[in-house]
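Scope of the values below: all heavy atoms of this structure, side chains included, with no hydrogens, waters or symmetry mates.
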Amino acid sequence: MIVTIVTPTLNAVEYLKECIESARRNATRDIDIEHVIVDGGSTDGTVELALGCGLRALQGKDSGIFDAINKGSFNSSGELLGFLGADDVMLEGAAAAVVKAYRESRRRWVVGAIRWTDSKGHSLGGLAAPPNWVTPAMLACLGWNPIMHMATYFSRSFFEELGGFDIAYKDAGDYEMFCRALTKEPYGRIDRPIACFRRTGVNNSAIHGSRTTAECARILARHGPSSNAQRLFWRFLLKAYFNLGNPDWLLSKVADSTRTTLKLQPKAHF
């Protein structure tokens, strides 16, 4: 089976080699990894690095991260499509776990757990894949996306049926896409971490906080319940579920917030 990994880039040379090598290590006798780089105009050697590693790099202006991911996805050949940020890492055995879950669950998309790391790769805790009884309305009420895009894989046919990501969303396009996917069917759940999400403090959603908040409000209006009481109920329940179900992440968030408040670090990771 061919598994496609799409990585959008823009001046991403600092972390890209580690990303490429992590994807390459996931190839097995039965799984071919097709890693496609979609570059929006880097000037730091990103494209040269990708080409030097033998990858295909699609170059040209785009309308944001999700437009770039769409371009790479629709111009690739894998039966399964995954999305890995240039500063993210696939964990060992991730592709095999994805393919196994895809075949055994008979679902058209699968979601795994992640590990959070800081810019230097130090652990910030883990986040388990959400339970697959979560509905679009519940997910929209939470106000942030717990289905991590670097641990989510779609069958090509399902991705095409959904029309890819809505490029009108610049920061929360994955959140919106996953709500739409849930309106059609639940995902197969992978009960192990399959990727590392590097939190640098300058991630897209962190830089554009107000824009991200506005996009999340649009998602809530479209997919959430009309009742404010229901919205508050599901938000409280899911926040409690994720915090209590991921204690190392909860403790890491508290410590991170404390260090930022005491000015022991320049910016918060979460």
Consider only side-chain heavy atoms of I, L, V, M, F, W and Y, link residues closer than 4.5 Å, and tell whether [X] and [Y] are in one cluster.
X      : Y      : result
Ile147 : Trp133 : yes
Leu81  : Ile2   : no
Ile37  : Tyr15  : no
Ile33  : Leu49  : no
Ile190 : Val134 : yes

For the [atom1] atom of [X] and the [atom2] atom of [Y], what is their distance to the nearest 0.5 Å?
X      : Y      : atom1 : atom2 : value
Asn246 : Asp248 : CG    : CG    : 6.5 Å
Asn132 : Ser105 : CG    : OG    : 9.0 Å
Lys17  : Thr46  : NZ    : OG1   : 13.5 Å
His35  : Cys53  : NE2   : SG    : 10.0 Å
Asn145 : Leu139 : CG    : CG    : 6.0 Å
Lys253 : Asn243 : NZ    : CG    : 4.0 Å

Tell me the closest heavy-atom pair linking [X] and [Y], and the distance in Å.
X      : Y      : value
Pro8   : Ile65  : CG-CG2, 4.0 Å
Thr9   : Leu16  : CG2-CD1, 4.3 Å
Thr7   : Cys19  : OG1-SG, 4.1 Å
Cys179 : Ile219 : SG-CG2, 3.9 Å
Ser77  : Glu34  : N-OE1, 3.0 Å
Leu91  : Asn26  : O-ND2, 3.2 Å

Taking the side chain as every heavy atom from C-beta outward, state whether [X] and [Y] have any pair of such atoms under 4.5 Å apart.
X      : Y      : result
Tyr169 : Tyr175 : no
Ile194 : Tyr153 : yes
Trp234 : Leu142 : no
Phe233 : Cys141 : no
Ser42  : Leu10  : yes
Met138 : Leu182 : no
Ser123 : Arg115 : no
Arg156 : Thr4   : yes

Using 30° and 60° as the class limits, which term best fits the ring planes of [X] and [Y]: parallel, tilted or perpendicular?
X      : Y      : value
Phe154 : Phe83  : tilted
Tyr187 : Trp109 : perpendicular
Phe74  : Phe159 : tilted

So, [X] side chain and [Y] main chain: donor-acceptor pair closer than 3.5 Å or not?
X      : Y      : answer
Lys170 : Ser63  : yes
Asn11  : Thr43  : yes
Asp44  : Val13  : yes
Arg189 : Ala129 : yes
Gln230 : Pro225 : no

Counting only heavy atoms not in Lys239, do more than 12 sit closer than 6.0 Å to its NZ atom?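 Open: at most 12 neighbouring heavy atoms sit under 6.0 Å from NZ of Lys239.
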Using a 6.0 Å cut-off, check whether atom CD of Glu92 has over 12 heavy atoms from anything other than its own residue. no
With no hydrogens and no angle check, just 3.5 Å: does a side-chain donor-acceptor pair link Glu79 and Tyr102? yes
Between Arg56 and Ser76, do the side chains contain a donor N or O and an acceptor N or O under 3.5 Å apart?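 No, no side-chain donor-acceptor contact under 3.5 Å.
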Give the intermediate values and the outcome of salt bridge (charged side-chain N to carboxylate O under 4.0 Å, His left out) for residues Arg218 and Glu176. CA-CA 9 Å; Arg218 287 168 57 193; Glu176 190 278 334; over 6 Å; no
Kindly determine whether Arg103 and Met1 satisfy side chain to side chain contact (heavy atoms under 4.5 Å, CB included), including the steps that lead there. CA-CA 11 Å; Arg103 288 172 171 164; Met1 176 185 287; 3.9 Å; yes
Step by step, would you call Glu14 with Arg198 a salt bridge (charged side-chain N to carboxylate O under 4.0 Å, His left out)? CA-CA 13 Å; Glu14 181 178 2; Arg198 198 187 304 263; over 6 Å; no
Test log, rule side chain to side chain contact (heavy atoms under 4.5 Å, CB included), inputs Asp166 and Arg180: CA-CA 10 Å; Asp166 184 343; Arg180 275 192 290 124; 4.3 Å; yes
Could you walk me through whether Val3 and Val98 pass the side chain to side chain contact (heavy atoms under 4.5 Å, CB included) test, one step at a time? CA-CA 9 Å; Val3 176; Val98 167; 5.7 Å; no
Apply side chain to side chain contact (heavy atoms under 4.5 Å, CB included) to the pair Asp88 and Met148, showing each step before the final yes or no. CA-CA 11 Å; Asp88 298 328; Met148 297 289 108; over 6 Å; no
